[in-house]
Colleague: 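Take this structure, written in structure tokens, and hold onto it; I'll ask about it next.
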Amino acid sequence: MSSDPASTKRNLLGIRIDATTYDDVVERVFAAARTATGLSVSATAVHGVMEGVHDAAHAARLNAFDILTPDGQPVRWALNWLHRTGLRDRVYGPELMLRCCARAAAEGFPIYLYGSTAEVLRPLAANLEQRFPGLKVAGMSQSRFGTISPGAQEEIAAQIRAS
């Protein structure tokens, strides 16, 4: 993929999806980690794209991500068909997380888990640490579910940075 992150963005029904690979995303995540630069990453499948098509506010949220990966095969197919990207695989969120955890363990980067519920996060952290020896989960917090105010966003970011 290109060294210019903006050049990987492709318009799919008004949603700017990155024509990217697992390796490219993992590399960009760790380049940001090494320089303590913020980077927002999400994976979206057809449902997410269509929610953005029908809701301008959601489209704006999706388009604000630094990296928005083609999580579903139909999204990958659309990028290949409409933009001739030649993507051989989707970039599936759970697989991307595992690859990032493997890299974090190998390079000694701690991770922070944010989202879902405490009942999900606790066993997830334990399972990841068992699967990837050397992985350090520096902290975790459950999602606040729903719209988060700018002040709350900064509070969450500060909590993550402090971990």
Side-chain angles (χ1 to χ4, degrees), residues 1-10 15-45 47-49 60-73 75-76 79 85-163:
M1 294 281 95
S2 169
S3 62
D4 176 13
S7 71
T8 66
K9 295 283 185 190
R10 300 291 185 274
I15 308 303
R16 298 182 68 231
I17 308 285
D18 287 270
T20 191
T21 65
Y22 287 113
D23 289 344
D24 182 56
V25 177
V26 170
E27 192 54 45
R28 288 175 62 190
V29 165
F30 283 86
R34 281 189 286 280
T35 60
T37 304
L39 183 73
S40 59
V41 180
S42 186
T44 194
H47 177 77
V49 171
R61 285 189 294 272
L62 290 172
N63 288 333
F65 280 98
D66 295 312
I67 304 172
L68 188 61
T69 73
D71 183 276
Q73 291 293 9
V75 176
R76 180 185 68 87
L79 289 173
T85 59
L87 294 175
R88 293 188 175 146
D89 199 3
R90 64 183 178 161
V91 181
Y92 179 54
E95 175 65 21
L96 178 60
M97 182 188 77
L98 294 175
R99 291 179 187 216
C100 284
C101 287
R103 179 86 171 259
E107 293 191 20
F109 277 100
I111 67 166
Y112 190 96
L113 300 172
Y114 176 81
S116 193
T117 64
E119 292 76 23
V120 170
L121 289 173
R122 281 190 297 273
L124 174 62
N127 288 337
L128 290 172
E129 288 174 330
Q130 181 179 22
R131 182 171 181 166
F132 302 105
L135 181 66
K136 178 174 178 11
V137 177
M140 64 184 108
S141 57
Q142 68 183 32
S143 177
R144 296 189 184 190
F145 297 103
T147 304
I148 300 172
S149 70
Q153 290 174 6
E154 184 50 43
E155 179 186 318
I156 293 165
Q159 182 179 358
I160 294 169
R161 282 192 298 272
S163 72

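For reference, positions follow the sequence shown, starting with 1. Model, not experiment: these values are computed from the prediction.
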Colleague: Just wondering, do Arg99 and Val25 contact through their side chains at under 4.5 Å, heavy atoms?
Modeller: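 Val25 vs Arg99: side chains apart.
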Colleague: How long is the straight-line distance from SG of Cys100 back to CG of Leu135, given to the nearest 0.5 Å?
Modeller: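 Between Leu135 CG and Cys100 SG, I get 11.0 Å after rounding to 0.5 Å.
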Colleague: Of all residues at least two apart in sequence or in a different chain, which pass the salt bridge (Lys or Arg N to Asp or Glu O under 4.0 Å) check with Glu129?
Modeller: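 Residues passing salt bridge (Lys or Arg N to Asp or Glu O under 4.0 Å) with Glu129: none at all.
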Colleague: Donor-acceptor pair, Asp18 side chain versus Thr69 backbone, under 3.5 Å?
Modeller: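 No; judged by distance alone, with no hydrogens or angles, the pair does not exist.
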Colleague: Indicate yes or no: at least one non-hydrogen side-chain atom of Asp89 is less than 4.5 angstrom from one of Glu95.
Modeller: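 In short, these two side chains do not touch, never coming nearer than 4.5 Å.
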Colleague: Do Thr8 and Arg28 have side chains that get closer than 4.5 Å, going by heavy atoms?
Modeller: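 When only atoms from C-beta onward are counted, Arg28 and Thr8 do touch, with a gap below 4.5 Å.
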Colleague: Return the minimal non-hydrogen interatomic distance between Thr20 and Val91, and the atom names on each side.
Modeller: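 Heavy atoms only, the tightest pair is O-CG2, 3.5 Å.
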Colleague: Just wondering, are more than 12 heavy atoms of other shown residues or ligands nearer than 6.0 Å to CZ in Arg34?
Modeller: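 Yes - once you tally the heavy atoms of other residues, nucleotides and ligands closer than 6.0 Å, there are more than 12.
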Colleague: Donor-acceptor pair, Ser42 side chain versus Leu68 backbone, under 3.5 Å?
Modeller: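 Looks like no, no N/O pair under 3.5 Å.
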Colleague: What pairs with Phe30 under ring pair (Phe, Tyr, Trp, His ring centres under 6.0 Å), at least two apart in sequence or on another chain?
Modeller: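 Expected list: Phe109.
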Colleague: Shortest non-hydrogen contact from Leu79 to Ala19?
Modeller: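 Residues Leu79 and Ala19, closest heavy atoms: CD1-CA, 4.4 Å.
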Colleague: Just wondering, do Val41 and Asp66 contact through their side chains at under 4.5 Å, heavy atoms?
Modeller: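 The answer is no, as the side chains (C-beta and beyond) never meet within the 4.5 Å cut-off.
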Colleague: Any side-chain heavy-atom pair from Met140 and Leu124 closer than 4.5 angstrom?
Modeller: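 SC-SC contact between Met140 and Leu124 ruled out.
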Colleague: Identify each donor-acceptor pair in which a side-chain atom of residues 113-123 lies under 3.5 Å from a protein atom, sequence neighbours left out, and give them as a table.
Modeller:
residue, atom, partner, partner atom, Å
Tyr114, OH, Arg144, N, 3.4
Thr117, OG1, Glu119, OE1, 3.4
Thr117, OG1, Val120, N, 3.4

